[in-house]
Amino acid sequence: MVCIRNMHETEYPLLKDFLYEAIYIPEGVTPPPKSVIEIPELQVYIADFGKQKWDIAMVAEVDKKVIGAVWARMMHDYGHIDDDTPSLSISLYEAYRGNGIGTALLKKMFVRLKENGCRQVSLSVQKANDAVRLYQRFGFETVRENAEEYIMRKRLL
């Protein structure tokens, strides 16, 4: 049984693991070392999490073990579209992917963002990532793209 709940402040260090899990690695490509999350472009996703207004995180839990997370924050990241739109990140440990858990996490996060008065949320996703279809099903639309990724937005209100 999967439980979706707010992430506790004491669990914020887990965002390091989930940031690494969020890195898209095409089939046949060697994963980067875990230290890759220390680069400034990735640290914006997790550094000092919980100290800004739009720092919101939820987790998926199975048998009291956190197996996935979705989080949003206002930041100048790969998915940044403007200073009024928080960026969204989501990941699950590989063994739990493809079972609807990411869908459940997103649904709960959209409710939470709306409750907080958020009008829209953005993200970036590699074009080759299967998650593109998931985001499109949820109503994300491409607002920009480059050779490798889509920058997408979902209106909430």
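Looking at heavy atoms from C-beta onward, Arg112 lies in side-chain contact with Asn6 at the 4.5 angstrom threshold. Taking the side chain as every heavy atom from C-beta outward, Asn146 and Tyr78 never approach each other to under 4.5 Å. Looking at Tyr12 and Asp48, their side chains never come closer than 4.5 Å, going by heavy atoms from C-beta outward. For the pair Met7 and Leu15, the minimum side-chain heavy-atom distance is below 4.5 Å. Using a 4.5 Å heavy-atom cutoff, the side chains of Phe140 and Leu88 are in contact. Between Val2 and Tyr96, every side-chain heavy-atom pair lies at or beyond the 4.5 Å cut-off. Using a 4.5 Å cut-off on side-chain heavy atoms (C-beta onward), Glu21 and Leu92 make no contact. Taking the side chain as every heavy atom from C-beta outward, Val59 and Phe18 never approach each other to under 4.5 Å.
Across all non-hydrogen atoms, the minimal contact from Thr103 to Leu134 is OG1-CD1, 3.4 Å. Closest heavy-atom contact between Pro86 and Ala72: CB-CB, 4.4 Å. Across every non-hydrogen atom of Met74 and Asp83, the tightest pair is SD-O, 3.5 Å. Taking every heavy atom of both residues into account, Leu105 and Ala60 meet most closely at CD2-N, 3.7 Å. Tyr45 approaches Phe49 most closely through the heavy-atom pair O-CD1, 4.1 Å. The minimum heavy-atom distance between Gln136 and Met152, with the atom names listed, is CG-CE, 3.8 Å.
For Arg5, the CZ atom sits in a packed shell: over 12 heavy atoms of surrounding residues, nucleotides or ligands are nearer than 6.0 Å. Counting non-hydrogen atoms of neighbouring residues, nucleotides and ligands closer than 6.0 angstrom, the CD atom of Glu38 exceeds 12 such neighbours.
Between the side chain of Glu11 and the backbone N or O of His8 there is at least one donor-acceptor pair closer than 3.5 Å. Proximity of a side-chain donor or acceptor of Asp55 to a complementary backbone N or O of Gln52 within less than 3.5 Å is detected. With Asp77 contributing its side chain and His80 its backbone, the two residues share a donor-acceptor pair below 3.5 Å. The closest donor-acceptor contact from the side chain of Trp71 to the backbone of Ile46 lies at 3.5 Å or more, if one exists at all. Using a distance-only test at 3.5 Å, with no hydrogens or angles considered, no donor-acceptor pair links the side chain of Glu61 to the main chain of Ile67. When atom types are taken as modelled, the side chain of Tyr24 and the backbone of Ala128 share a donor-acceptor pair closer than 3.5 angstrom. Although no hydrogens or angles enter the test, the distance criterion places a donor-acceptor pair under 3.5 Å between the side chain of Asp82 and the main chain of Asp84. Asn99 places no side-chain N or O within 3.5 Å of a backbone atom of Ile101 that could act as its donor or acceptor partner. Judged purely by atom type and a 3.5 angstrom limit, Arg73 uses its side chain to pair as donor or acceptor with the backbone of Val44.
Interatomic distance, CG of Leu156 versus CD of Gln120, reported as 8.0 Å (0.5 Å rounding). The line from NZ of Lys154 to CG of Leu123 is 11.0 Å long, rounded to the nearest 0.5 Å. Between the OH atom of Tyr150 and the CZ atom of Arg144 there is a distance of 14.5 Å, given to the nearest 0.5 Å. Rounded to the nearest 0.5 angstrom, Lys65 NZ and Cys3 SG are separated by 15.5 Å.
There is no path of hydrophobic side-chain contacts, each under 4.5 Å, that joins Val143 to Leu113. The hydrophobic clustering, which links ILVMFWY residues whose side-chain heavy atoms are closer than 4.5 Å, places Val125 and Val29 together. The cluster map of Ile, Leu, Val, Met, Phe, Trp and Tyr, joined by side-chain heavy atoms under 4.5 Å apart, puts Ile151 and Ile23 in different clusters. Note on Leu106 and Leu157: separate hydrophobic clusters, where clusters join Ile, Leu, Val, Met, Phe, Trp and Tyr whose side-chain heavy atoms are under 4.5 Å apart, directly or indirectly. Using a 4.5 Å cut-off between side-chain heavy atoms of Ile, Leu, Val, Met, Phe, Trp and Tyr, with links allowed through other members, Ile81 and Met109 fall into different hydrophobic clusters.
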Mind running side-chain contact (heavy atoms from CB on, under 4.5 Å) on Asp17 and Val66 for me, showing each step along the way?
CA-CA 11 Å; Asp17 292 338; Val66 175; over 6 Å; no
Would you sort out whether Tyr135 and Ile90 count as a side-chain contact (heavy atoms from CB on, under 4.5 Å), showing the intermediate values?
CA-CA 11 Å; Tyr135 301 138; Ile90 183 170; 3.3 Å; yes
As a quick check of understanding, evaluate side-chain contact (heavy atoms from CB on, under 4.5 Å) for Lys107 and Ile4, giving each step before the final call.
CA-CA 10 Å; Lys107 285 180 179 178; Ile4 308 293; over 6 Å; no
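For Phe138 and Phe110, the gap between ring centers is short of 6.0 Å.
Remark: Arg153 engages Glu141 in a salt bridge, criterion side-chain N to carboxylate O under 4.0 Å.
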